[in-house]
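Inspection log for the structure reproduced underneath, given as structure tokens.
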Amino acid sequence: MDVDLKATLCGGQCFSWKEKDGVYTAVMDGRLVSIRNTDDIRREGLSRYFDLDYPYGEARAYLASLSSVMKQAVSYAPGLHILNQDEWCATISFILSQNNNIKRITSLYDTLCRTYGTSVGDGSYAFPTQEQLSHATEAELRELHFGYRSVYLVSAAEEWKPIPRDLPTEEARKELLRRKGIGPKVADCILLFGLHRMDTFPMDTWMKKVMSRFFPGKDGSLFAPYEGLAQQYLFQAMREGGLSC
DNA sequence: CACCAGGCCGTGC
DNA sequence: GCACGGCATGGT
């Protein structure tokens, strides 16, 4: 099955892609990339980023077998994939996300690129590296409308280090929770979208609504070993009104 | 005016 | 351990 680009790129996993007339564009590894379909993904060498080798067919079948609501959520956007994003970029992105909406997160993400990132031409900018963002000050960020998240960004750039790839999810989570501005929800988003830990289930305000309404008393472990994918299916369906009793 | 958005932190109990 | 208010900003 082809990747659903809209569900995958514009559903709150990442904030770097722009869509125009069915063409999705972003800066990847220092160059501007445009794609329209799964063939373009392969042609541009983005198979890993789009997670093409993960057994989505198997995961979909299993999740859909669990409950009618989950089946409905899966059928809403079956081509949804979980991206393999850069850990640094995902960390900053989800620090921006707290108590915020996707539109404004995207806008703030854009401001970071234009202010601190490297130009790649055509008015586009790469996401700033840790070194580039470490030049930002709290006062400067506040002027750029980052609000109380400003201090978290400064701290993240100062104290950044990658999580060892072989560290078990629960220990990685503890490490993330020590960092300023990273709580349970942001940590889980970094684990899922930046480290591809499918055994995480980020609980934001939308997911709290989903769980209390459709799976009262349960948690993400109900969907093991595909918690993360299940979460994203439910998140999308709930936000766009695709779930009914 | 209120309340909400991919929440977290510090305080008080 | 848990509940609560404060926090920046922009949209409805």
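None of the values given here were measured: they were computed from a predicted structure.
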### Query
Quick one: is B/dC4 close enough that its OP1 or OP2 comes under 4.0 Å of any side-chain N or O from A/Lys209?
no
### Task
Report yes if a side-chain nitrogen or oxygen of A/His145 is closer than 4.0 Å to either non-bridging phosphate oxygen (OP1 or OP2) of C/dG10; otherwise report no.
yes
### Message
I want to confirm an ordering. Mapping A/Lys103 and A/Gln98 to their closest nucleotides on DNA chain C, which one lands closer to the 5' end?
### Response
A/Gln98
Charged N to carboxylate O below 4.0 Å: is that the case for [X] and [Y]?
X        : Y        : answer
A/Glu159 : A/Arg178 : no
A/Lys18  : A/Asp110 : yes
A/Asp40  : A/Arg43  : yes

Whole Å only: how far is the [atom1] atom of [X] from the [atom2] atom of [N]?
X        : N     : atom1 : atom2 : result
A/Arg142 : C/dC7 : CZ    : P     : 10 Å
A/Asn100 : B/dC8 : CG    : P     : 13 Å
A/Tyr148 : C/dC7 : OH    : C1'   : 6 Å
A/Leu144 : C/dT9 : CG    : P     : 11 Å

### Task
Report the residues that fulfil salt bridge (Lys or Arg N to Asp or Glu O under 4.0 Å) with A/Arg142, sequence neighbours left out, ordered by chain and then residue number.
A/Glu138
### Task
Side chain of A/Tyr152 only, please: which of B/dA5, C/dC7, B/dC9 is the nearest?
B/dC9
### Message
From the set C/dT9, B/dA5, B/dG7, return the single nucleotide nearest to any side-chain atom of A/Lys185.
### Response
B/dG7
